[in-house]
Amino acid sequence: MGESRHWADVVSDRVTTVKKKHTIATGITPSGEIHIGNLREVLTGDAVYRALSDSGAEAELIYIADTLDPLRRVYPFLSEDYSEHVGKPLSAIPCPCGDCANYAEHFLEPFLESLELLDIDPVVYRAHELYANGDFVPATIAALLNRDKIASIIENVSHREIPADWSPFNVICESCGRITTTVVSGFDEAKKTVDYSCECGYSGTTPLEGHGKLTWRVDWAARWGVLGVTIEPFGKDHATKGGSYDTGTKISGEIYGYAPPYPVIYEWIHLKGKGAMSSSTGVTVTITDMLRVMPPDVLRYLIIRTKPGKHIDFDPSRIIDLIDDFDRANNRAFELSRTKTFLPSDIPFTHLVTAMQIASDPTDIDTLHEVLRRSGYDGYNEESVKRRVENARNWLSSYAPDSAIFEVQRELPTATKNLSEEQRSGLLRIASGISGDLAAKDMHDLVYAVAEEVGVSASKMFQAVYTTILEKDSGPRAGYFMASLDRDFLLNRLKEAGRG
RNA sequence: GGGCUCGUAGCUCAGUCAGGCAGAGCGGUGGGCUCUUAACCCAUUCGCCAAGGGUUCAAAUCCCUUCGGGCCCGCCA
């Protein structure tokens with residue numbers, strides 16, 4: 001058995017045996033908020049990109065925003081006004097917030113910002129710009145000339161029926177602005193124009209350039225040749241037999257004389273207990289949400305550590321474990337996950353989550369420092385802690401399970417009324433046993449010792465401590481926990497509860 | 001109906017392409033002063049590799065069949 005290699009390196013090995021220069025293409029339709037399921041596409045590409053670069057190959061990562069795709073319907077997050085825009089290209093629809101250049105940009109901008117944080121730096125293309133520049137004109141003419149051949153490829157490979165008036169080119173109606181309601185009736189190769197009519201009643205002749213796009217299956221194949229794509233990650237929906245990769249392969253080979261890119265097929269990300277993420281079902285966790293609760297490196301790690309072919313079951317309540325896992329990791333996935341801004345953490349995230357909740361004033365970093373100092377952490381990286389405190393706070397307020405949440409009670413919890421005589425006297429003994437510089441571990445041992453002295457089980461004694469301070473039956477490891485509390489507060493509270 | 005993918009320790013998964021002694025992390029367990037109670041350190045347990053068959057000197061790995069999970073084939077990644 002050889003060393004286990006990371007999947008991205010395996011892909012890199014494979015493709016570099018053929019050639020050393022590669023363009024990895026990724027792309028997403030910005031029709032709604034871009035979630036971490038979408039992110040897998042780009043991150044998969046980025047992992048391959050880094051693997052290639054590390055191997056000394058020449059690699060380029062590109063990202064194409066499908067801005068010419070039509071708005072399919074009025075999504076739940078849109079106002080009813082958008083019904084008039086259904087069928088128009090995303091780049092030609094007003095922005096929902098009114099501040100962005102158009103609808104597509106509204107979702108694209110935050111996504112591109114996230115990419116920067118994630119240290120992913122692709123060459124970004126927007127489909128409507130590529131088409132407006134005329135980059136796709138030759139490919140469009142070739143497609144129109146080979147209309148029948150393409151139609152039969154699609155029919156044979158995908159077994160779907162192609163309507164008699166089908167055209168590989170979708171025109172944007174100059175009157176109503178829709179791309180889904182037009183029918184091409186002819187074209188002029190020399191003038192580079194098409195004739196069309198629209199359901200809205202309009203008909204006319206328009207230049208190819210900037211007035212439409214190739215249909216998806218043809219567009220994809222054309223894109224490979226136009227942009228020189230050699231590697232492309234795509235979702236399993238396109239990978240199915242007779243799907244768009246199959247037709248694309250045939251179209252690219254027979255019409256454009258270009259070999260299809262090496263495919264990297266990836267699976268969906270599921271949200272624990274809720275199924276696959278999808279903007280249309282509303283089951284989503286956005287990239288922005290994730291970057292609030294974890295460092296970008298960890299978000300990369302979540303996706304990169306798993307082979308593309310396996311679905312990822314993502315459970316936000318266990319992000320705490322994910323982060324600890326990342327901090328302990330020392331493998332290739334970890335290497336591929338680090339960003340420029342990576343900072344190692346000197347304090348386990350789990351402990352930070354505990355310490356934060358102990359700190360009397362979570363908004364004041366000094367109180368946290370005091371807690372950390374009392375629990376034996378000194379000389380850590382300030383910046384790293386600062387960032388993670390932010391993550392921990394957000395995680396606690398959005399995703400943390402109840403078992404991870406506690407609050408040091410300002411007043412004596414009423415539940416202490418139910419403590420037994422033995423528990424009470426135990427609490428008093430603990431209070432008097434705590435003196436001077438008693439170490440955390442000794443405080444912990446003290447609980448056991450006292451339990452024995454007063455004749456209750458250790459379990460009962462611990463519960464008494466937690467009830468007294470947290471009004472819960474369990475909590476962070478008791479001695480260490482008590483040691484990190486303000487000493488006067490602790491002693492007063494123990495005595496108070498002990499006296500009953 | 002067609003196709004894909006996964007099934008390996010309690011959990012999350014490497015390892016399967018290129019057959020060569022079954023692995024890691026977490027958890028659990030034990031210890032770290034007489035000690036079940038979320039943070040530290042040390043040690044350690046754990047497997048009919050989903051099932052059956054085949055090929056082979058040799059199979060988690062290749063081939064066939066079965067079972068089970070998750071999907072894709074309506075331009076959702």
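Just so it is clear, the values below take in all heavy atoms, side chains as well, and ignore hydrogens, waters and symmetry mates. Lettering follows sequence order; numbering is per chain, from 1. None of the values given here were measured: they were computed from a predicted structure.
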Hey, can you pull the donor-acceptor pairs under 3.5 Å for the side chains in residues 8-16 of chain A, sequence neighbours left out?
unit_1 : atom_1 : unit_2 : atom_2 : d
A:D9   : OD1    : A:R332 : NE     : 3.4
A:D9   : OD1    : A:R332 : NH2    : 2.9
A:D9   : OD2    : A:R332 : NE     : 2.7
A:D13  : OD1    : A:R5   : NH2    : 3.2
A:D13  : OD2    : A:R5   : NE     : 2.8
A:D13  : OD2    : A:R5   : NH2    : 3.0
A:R14  : NH1    : A:Y262 : OH     : 3.2
A:T16  : OG1    : A:S12  : O      : 2.7
A:T16  : OG1    : A:D13  : O      : 3.2

Counting the atoms with a prime plus P, OP1 and OP2 as sugar-phosphate, which does A:D445 contact under 4.0 Å by heavy atoms, base, sugar-phosphate, or nothing?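 Touches a base.
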
Students often get this wrong, so: under 4.0 angstrom with heavy atoms, is A:A451 touching a base, only sugar-phosphate, or nothing? nothing

Close N/O contacts between protein and nucleotides 40-44 of chain B (under 3.5 Å):
unit_1 : atom_1 : unit_2 : atom_2 : d
B:C40  : N4     : A:R477 : NH1    : 3.0

Establish whether the base of B:C73 is bridged to the side chain of A:T240 by a donor-acceptor pair shorter than 3.5 Å. no

Taking only residues two or more places apart in sequence, or in another chain, which ones meet [X] in a salt bridge (Lys or Arg N to Asp or Glu O under 4.0 Å)?
X      : value
A:E453 : A:R429
A:E109 : none
A:R338 : none

So, OP1 or OP2 of B:A14: does either fall under 4.0 Å of a side-chain N or O from A:R332?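 Indeed not, no polar side-chain atom of A:R332 lies that close.
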
A:W224: ring pair (Phe, Tyr, Trp, His ring centres under 6.0 Å) partners, not counting sequence neighbours: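 If we apply the ring pair (Phe, Tyr, Trp, His ring centres under 6.0 Å) test to A:W224, skipping adjacent residues, the hits are A:W220, A:Y245.
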
With sequence neighbours left out, write down each residue that passes side-chain contact (heavy atoms from CB on, under 4.5 Å) with A:T180, or none if nothing qualifies. A:P70, A:R178

Going by the rule side-chain contact (heavy atoms from CB on, under 4.5 Å), which residues pair with A:V74 if we only count those two or more places apart in sequence or in a different chain?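 For A:V74, the residues satisfying side-chain contact (heavy atoms from CB on, under 4.5 Å) (neighbours in sequence not counted) are A:L78, A:E80, A:Y82, A:S83, A:V86.
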
For the rings on A:Y49 and A:H22, is their centre-to-centre separation under 6.0 Å? no

Sort me out a list of protein N/O and nucleotides 10-13 of chain B N/O pairs below 3.5 Å, or just none if empty.
none

Of the nucleotides B:C17, B:C75, B:C76, which has the atom closest to the A:D237 side chain?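 Of B:C17, B:C75, B:C76, B:C76 is nearest to the side chain of A:D237.
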
